[in-house]
Every structure is written in C-alpha cells, then in structure tokens.
Amino acid sequence: MSMNTISHYKQTIQEHSAEYAVREALESGRKDTHNVFISLYEERALARARQVDEGTVSGRLAGVPFVAKDNFLTLGGATTAASHFLENFHAPLQATAVEKLEAEGAICIGKVNLDAFAHGGSTENSAYGVTKNAHDTARVAGGSSGGSAVAVALGTVPFALGTDTGGSIRQPASFNGVVGIKPTYGAVSRYGVVAMASGTDTIGVLASTVSDTELLLEVLSGQDERDMTTLPDYFIPQDKPTGKKIGLIKEFMADGIDEEVSAQILSAVEKLQSDGYEIEEVSMPMLKYALAIYYIVVPAEISSNLARYDGIRYGTQKGNDGSLQDVYEMSRQAGFEAENKRRIIIGSFVLSSGSFDAYYQKAQKARTLLIREFNDLFERYDALIGPVAPETAFKIGQNTEDPLKMYLEDVMTVPPSLAGLPAVSVPVGKTKDGLPVGLQIIGKRRDDAQILAVARDVEAQYGQ
Ligand code: GLN
C-alpha cells in the first residue's frame, strides 16, 4: 500500500501516457479488495485519456485520474448515492465540482462507496456493502466518504471528491491516514450533488498531501450562480501560517477519548511547539450540546430534502399496480435504508407543529451560542486543534446495533459543521496496531488557507 501524489501521476503520464496512467488506476479499481467502487467508468475515462494524449484536453490536472463519491452527478455511468432508490439513475449533467476538475484535464475513473445518502460514519449504511479500512480489513473505512478515503490510501488515485455535512470527509481521512478538508461553508459549489442537509453540506477533497489539497481547492472553489450559497473566490494558498497561536480544545481531550488517540494528539502538540507554535488549552462549554443540536437540525433538513424521493418525482418506483399511496409507501420502503428512515422520522417529528419550538427552534438557538463561542476564540487564536474522532477505525459491525453509539463518533466533527467553519484532518502517526490518527485543525470562516498552512507544518514534522 502506498499513496500517490498528483506529481507522481504527472511523471507517469509524461513517461508513458495518460491512457497508461488511467489504465493502471482502472486495473487497481477492478481488483477492488476493499469494496471501494460502486462503478467504474472505463469507456469514458479511456476516451478522455486519449484526448489528453492527443492534446485536445489539457490543464493543471491533465490525465490525472480521480474518483468521486457516488453522490456527485457524473456522466459515464450510474449515480446511486449508495441507495437502492437511485440504482438505475443516470445523471443528465455533471456536478460543478466534477466539471471544474474536468476543465483542468482530470479524469473520473469511477464512483465510490458511501453510507446511503451520506447518512452515517462507517459506510455500513450503504446498499452496496461496507468499505474496508485501508490499514485493517476487519475495520470500517469510516464515512460517509469511506470509498473516497480508501481509494486514496491504497494509491488507486491521487485524490477523491467527498462531501462533509458533519464529518464525512475528515473522519474517514483520519481513519485511513490521508489528508481531508471540509472547506468553509459556501467555498465550493454543491450544484449537482445529492443534498443531505443543505445548512451544513459542503464539498471537499481527500488527497495524500497538503499541497495537493491546496491545488485542488484552488481549482474547486468559487462562486456558482447555480448554488446561491457559494462565496466569491477567496482561496489563495499560503506558504506559512499568518499566526501560530493555537487553542487545543479541552473538551475534545476529556473522558471517552481513546488513550492512544490522545497520546498521538499530545505528541503532535509537542512537535508544533518545537516548531514555534504557542499552544494553549481552551474550553468551549457549548460543545456538550453540539451533537444534540446536530441530530435535531440535520434530520429536520434531511426529512425535507428526501421528501422528493417518492417513486414518482424521483427514484425507482415500486407498487405501481396499487394506489398512489401504495406507490409512495412501497417505493420509499424499498428505496431507503434503515438509517435514512430513522432520520426522516426524527426530522419529521422535530418539525411537527407540537415539537417545532421545543426541538428545532431551541436547537437553532443553541447553535447560535455555539457559533459565538467559536467566534470569541478566533479573536484570540489563529486556529483551534483537537482529534477528529474519539477513537481510531472501529471493527465492522461494532456499532451497527446501537445508533446512538454510532452518532457519538461524530462528537468532534459536527461542531465546525454547525458553525460553517473550515476544518482539515491531517495524519499524525499511528497506534500500536498500526491504525492512523488524524489531527483536526479548525479555522475561522474563509481561513481555509491558514489551516492548510498549519497542516503543512504538521505534515513536515511527520516526514512527508
Ligand atoms: N456521520 C455524520 C452523520 O451521520 C456525518 C455525515 C456526513 O457528514 N455526511 O450525520
């Protein structure tokens, strides 16, 4: 297992050809020992590779293969969101993110696994089976962008597109030892990506180095008139962090965190200190409510976003020999996974007239207080750090019987999502069992370049 950088691929393309590089990636995808792929786009990928070799397609990523999480609409094969509902769906257009990569000559070789509709943190909720961790096949890849993380960690491709609503890029990046960024909310257009919770949905990338991540974010970010939440382009990579005063979030290092994870984080802290960083412990009392806020607000948005999947407007139809009600019920019954249904039910409940004030409104108020705590800290600190998850990749099946236990895995990733902040996971060593640990670096809004500059200093300490 060895990861590949974008420049490694550029070299291969120069020495051989884009077709050679794409064939190699497809070959590795075909073996698929870890259940990474939902589909391979062989024909389209090879045709595009030939265009690069002929010189009709060029750009900063000319001929470089990548994979997209299967909730990005793409031409060349199916887009399923890892759900039975969309198993026959062939998109009529491509997501803006995919278009932007293609405009630079990059080649999508296929679509990779996720928890159905991105609901989950292990890919165990996929209709296509679980993706195995790159470092231990008895363990989960994490999720929901599990396929994206493993494709990069195994060296099949140098980078992958992912989505992060509450941790879905950062947590699998951490579990597989790759770099994963969830940019500022609005940095990258979500046009053409299957919506989960529109208030916290973000698009990002997983790659093997920080500088590749920067290049990709440069390509991907910017305003898109088809996504009203996008911000005018602000992302310019920085050589160095603008400041080195960092807050280590105390609540993230407290009870419930695995000893080996906390040891790796503390050793990363020491390394940063030796590199001139000033690191202080900071406290955020509102963090204890973050998970509760997330699991009210996000299911509410999910229940409204998924209402359109009814077997008539969207999704595979079932029960069409019965009444209209039968079609709705049977299509939704067959199309959604158990976790999708759980979230729709919770979401509909918290939005119902009797519960709206007590749950949804209250959660939004608490969310505002959480955002204020972040804002106050960013007056004094140039970034905040902590672990990505309380433990390393867990065993397949370990948390599937208990949804609450599964939700607890998200306790450290959901706070920046609720506040719309950029956050990156960068590898900081491994446990005794060889499982990677990620350091999470959180910045203020639009400080994506700053957290990546800090991440590069971390990376340098670990010999990348
Ligand atoms: N694990 C989190 C959840 O289940 C995050 C999912 C995501 O970011 N798509 O909601």
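For reference, positions follow the sequence shown, starting with 1. Both ligands and their constituent atoms are indexed starting at 1 by order of listing. What you see is a predicted model, and the numbers here were worked out from it, not measured in a lab.
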Checklist outcome for this item: Test side chain to side chain contact (heavy atoms under 4.5 Å, CB included), reference S144, set N71, D115, T165, T123, output is D115
Next on the checklist: Under the rule for side chain to side chain donor-acceptor pair (under 3.5 Å), what residues qualify as partners of E99, not counting sequence neighbours?
Outcome noted: Q94
Item to check | Sub-4.5 Å side-chain heavy-atom contact between T131 and F37 | outcome: no
Checklist entry - Given side chains that start at C-beta, do those of F374 and P415 come closer than 4.5 Å, heavy atoms only? => result yes
Next on the checklist: Just to verify, what does Q450 make a side-chain contact (heavy atoms from CB on, under 4.5 Å) with, not counting sequence neighbours?
Outcome noted: Q238, P241, T242, D382, D447, V454
Checklist outcome for this item: Quick note, side chain to side chain donor-acceptor pair (under 3.5 Å) partners involving residues 413-428, not counting sequence neighbours, are R170-S417
Checklist entry - At a 4.0 angstrom heavy-atom cut-off, what protein residues surround ligand 1? => result A118, G120, G121, S144, D164, T165, G166, G167, S168, M196, Y294, Y295, R343, D410
